Amino acid sequence: MPELSIILPSYNEEQNIENTYNTLTEIFGKEELSYELVFISDGSTDATYAEICRMMQKDNRVKGAEFSRNFGKEAAIFAGLEISSGDAVVVMDCDLQHPPQVIFEMLEKWRAGAEVVEGIKSSRGRESIFHRAVTGVFYSIMTGLIKMDMKASSDFKLLDRKVVNALLELPERDTFFRALSFWVGFKTEKVYYDVQERQFGKSKWSTASLIRYAISNVTSFTTLPLKVVSVVGTVFVILSIGLGIQTLVRFIMGTAATGFTTVILLILLIGGLILVSLGVIGNYLARVYEEVKGRPRYIISNVTENIPTHMYLKGEWKKND
Ligand code: UDP
Ligand code: MG
């Protein structure tokens, strides 16, 4: 069993696989370290999986799996955790935006007893101002909501086998890896790194997918928005009691004004609030619905020859039975 597993979620990264493989093999070659590289092709539509297989032919330390469709980076990370067998597991992007030299620093902390080593971004690399603003707002909300400092955190981290097993025990389908590693606890250390420029291919995130990702993460992690809805509702009930009494008094005294503006404004405000609240509740209902269905996080359609097929291919083990 290797000492270290590196998990590399890859979605349409045909230009990156070989380069990343070469870079990692070169820097690990200098150390006496037994390791494996686990590439998960997240339903790529280009030659990513073929590239992974080609690397595996060259080097048995490369393992790979292919999803039946794009299930998202979270699913790819969890598939990697499941397939990997190292005593320590590092998750990193396969576009080398997470500098691989930092892994040695992580390993050092792990050997000194740390069970989780968080990669913290000391600089975010080049991003558009809009992207930076959106992620800035998202992470401040997340930090406030889940009471963990998420601002500079990333998916680049090292986990001890114990932590990996704890994460794999979690029953929920809708995961937020970045925050779950805080949630499970364990002895945590940090290392700092500078986000590198992407050399090949382009980023997979659009603004729309980032917003979807943000909403999904908030709702999968905290029920605070639901509580906010109740609080706002209560405040409005209290206000309406006051306003109601005042209106009645004026009516009885015969000084009721035409007051059309107030009525329209109140209707608009309360109508808007009701719709937003319904939306918030609907979002949670959708989450519950998704979880209750209990579908798997991902479906693997192919694994490389050096992985025991029956363990990961759902149709396959039935055939073997
Ligand atoms: N990724 C993935 N599935 C997806 C989107 C992205 O596995 O649906 C992988 C991608 O191949 C890369 C990592 O997640 O290794 C980070 O993605 P990307 O570089 O596009 O994001 P950015 O670095 O721009 O935040
Ligand atoms: Mg990237």
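The model shown is predicted, which means the values in this text are computed figures rather than measured ones. All residue numbers refer to positions in the sequence shown, counting from 1.
Proximity of E13 to S44: side-chain heavy atoms (C-beta onward) are nowhere separated by under 4.5 Å. Using a 4.5 Å heavy-atom threshold, the side chains of L159 and F186 count as separate. Residues I103 and L158 form no side-chain contact, since every pair of their non-hydrogen atoms from C-beta on lies 4.5 Å or further apart. Looking only at side-chain heavy atoms (C-beta outward), L167 and L81 come within less than 4.5 Å of each other. Looking at Y193 and I120, their side chains never come closer than 4.5 Å, going by heavy atoms from C-beta outward. Contact annotation: the side chain of L107 never approaches that of E105 to less than 4.5 Å [non-hydrogen atoms, C-beta and beyond]. S10 has its side chain within reach of I17: a pair of non-hydrogen atoms, C-beta onward, lies under 4.5 Å apart. Within the 4.5 Å cutoff, the side chain of T20 has heavy atoms near those of the L8 side chain.
The closest donor-acceptor contact from the side chain of K63 to the backbone of N306 lies at 3.5 Å or more, if one exists at all. At least one donor-acceptor pair under 3.5 Å links the side chain of S34 to the backbone N or O of E3. For Q97 (side chain) and Q196 (main-chain N/O), a donor-acceptor pair under 3.5 Å exists by modelled atom type. With D93 contributing its side chain and D95 its backbone, the two residues share no donor-acceptor pair below 3.5 Å. The backbone N or O of A65 sits nowhere less than 3.5 Å from a side-chain atom of N302 that would complete a donor-acceptor pair.
Under a hydrophobic-cluster definition in which Ile, Leu, Val, Met, Phe, Trp and Tyr are linked whenever side-chain heavy atoms come within less than 4.5 Å, directly or via other members, I215 and Y284 are assigned to different clusters. Both I245 and V237 are members of a single hydrophobic cluster when ILVMFWY side chains are connected at heavy-atom separations under 4.5 Å. The hydrophobic cluster containing I238 does not contain V232, counting ILVMFWY residues as joined when their side-chain heavy atoms lie under 4.5 angstrom apart, directly or transitively. Hydrophobic clustering, with ILVMFWY side chains joined whenever heavy atoms are under 4.5 angstrom apart, keeps V38 apart from Y11. Residues L33 and V191 share a single hydrophobic cluster, defined by chaining ILVMFWY side chains whose heavy atoms lie under 4.5 Å apart.
When all heavy atoms of Y49 and V303 are compared, the closest pair comes out as OH-C, 3.2 Å. In this structure, A114 and E189 approach most closely via the heavy-atom pair CB-CG, 3.4 Å. Among all heavy-atom pairs drawn from P100 and L24, the shortest one is CB-CD2, 3.6 Å.
Under a 4.0 Å N-O distance rule, the pair D194/K121 does not qualify as a salt bridge. Ionic pairing of K190 and E118 is not present here: no N-O contact between side-chain nitrogen and carboxylate oxygen is shorter than 4.0 angstrom. Ion pair E172/R287 not flagged as a salt bridge, since none of the NZ, NE, NH1 or NH2 atoms sits closer than 4.0 Å to an Asp/Glu carboxylate oxygen. By the 4.0 Å N-to-carboxylate-O rule, R173 lies too far from E74 to be salt-bridged with it. Looking at D87 and R161, no side-chain N of the basic residue comes within less than 4.0 Å of a carboxylate O on the acidic one, giving no salt bridge. Taking 4.0 Å as the cut-off between side-chain N and carboxylate O, K162 and D160 do not count as a salt-bridged pair. In this structure, K73 does not pair ionically with D42, as no charged nitrogen and carboxylate oxygen lie closer than 4.0 Å. Between R54 and E51, at least one side-chain N (NZ, or NE/NH1/NH2) sits under 4.0 Å from a carboxylate O, which counts as a salt bridge.
For the atom pair I52 CD1 and S41 OG, the distance stands at 5.0 Å (nearest 0.5 Å). Residue L243 holds its CG atom at 6.0 Å from CG of L266, rounded to the nearest 0.5 Å. Between the CE atom of M55 and the OG1 atom of T25 there is a distance of 9.0 Å, given to the nearest 0.5 Å. One distance of note links CZ of F39 with OH of Y21; it measures 9.0 Å at 0.5 Å rounding. Atom-to-atom distance recorded for N19:CG and C94:SG is 10.0 Å, nearest 0.5 angstrom. The CG atom of N283 lies 9.5 Å from the CG atom of L226; values are rounded to the nearest 0.5 Å.
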Note to self: Before you tell me yes or no, could you show the steps for T175 and R297 under side-chain contact (heavy atoms from CB on, under 4.5 Å), namely the whole-Å CA-CA distance, both residues' side-chain angles and the distance that decides it to 0.1 Å?
What the structure shows: CA-CA 9 Å; T175 50; R297 282 190 189 117; 3.8 Å; yes

For this session: With salt bridge (Lys or Arg N to Asp or Glu O under 4.0 Å) as the test, would you mind laying out the steps for K58 and E18 before giving the verdict?
Result: CA-CA 11 Å; K58 274 207 282 203; E18 183 163 24; 3.5 Å; yes

**OP:** Test L168 against E82 for side-chain contact (heavy atoms from CB on, under 4.5 Å), laying out the working first.
**Re:** CA-CA 7 Å; L168 289 175; E82 209 143 296; 3.5 Å; yes

Is there a side-chain hydrogen bond (donor to acceptor under 3.5 Å, both in side chains) between S5 and E36? Walk through the geometry before answering. CA-CA 5 Å; S5 301; E36 62 178 2; 2.6 Å; yes

Q) Is there a side-chain contact (heavy atoms from CB on, under 4.5 Å) between V62 and T304 once you walk through the steps? A) CA-CA 9 Å; V62 175; T304 49; over 6 Å; no

Item to complete: Apply side-chain contact (heavy atoms from CB on, under 4.5 Å) to W110 and V116, showing your working.
Response: CA-CA 7 Å; W110 173 64; V116 177; over 6 Å; no

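Around atom CD of E32, no more than 12 heavy atoms belonging to other residues, nucleotides or ligands sit under 6.0 Å away.
In this structure, K157 is positioned above the aromatic face of F177, its NZ or CZ under 6.0 Å from the six-membered ring centre and within 45° of the axis. A cation-pi arrangement is absent between R69 and F67 under the rule of less than 6.0 angstrom and at most 45 degrees off the ring axis.
Ring geometry for F104 versus F28: interplanar angle over 60°, hence perpendicular rather than tilted (30 to 60°).
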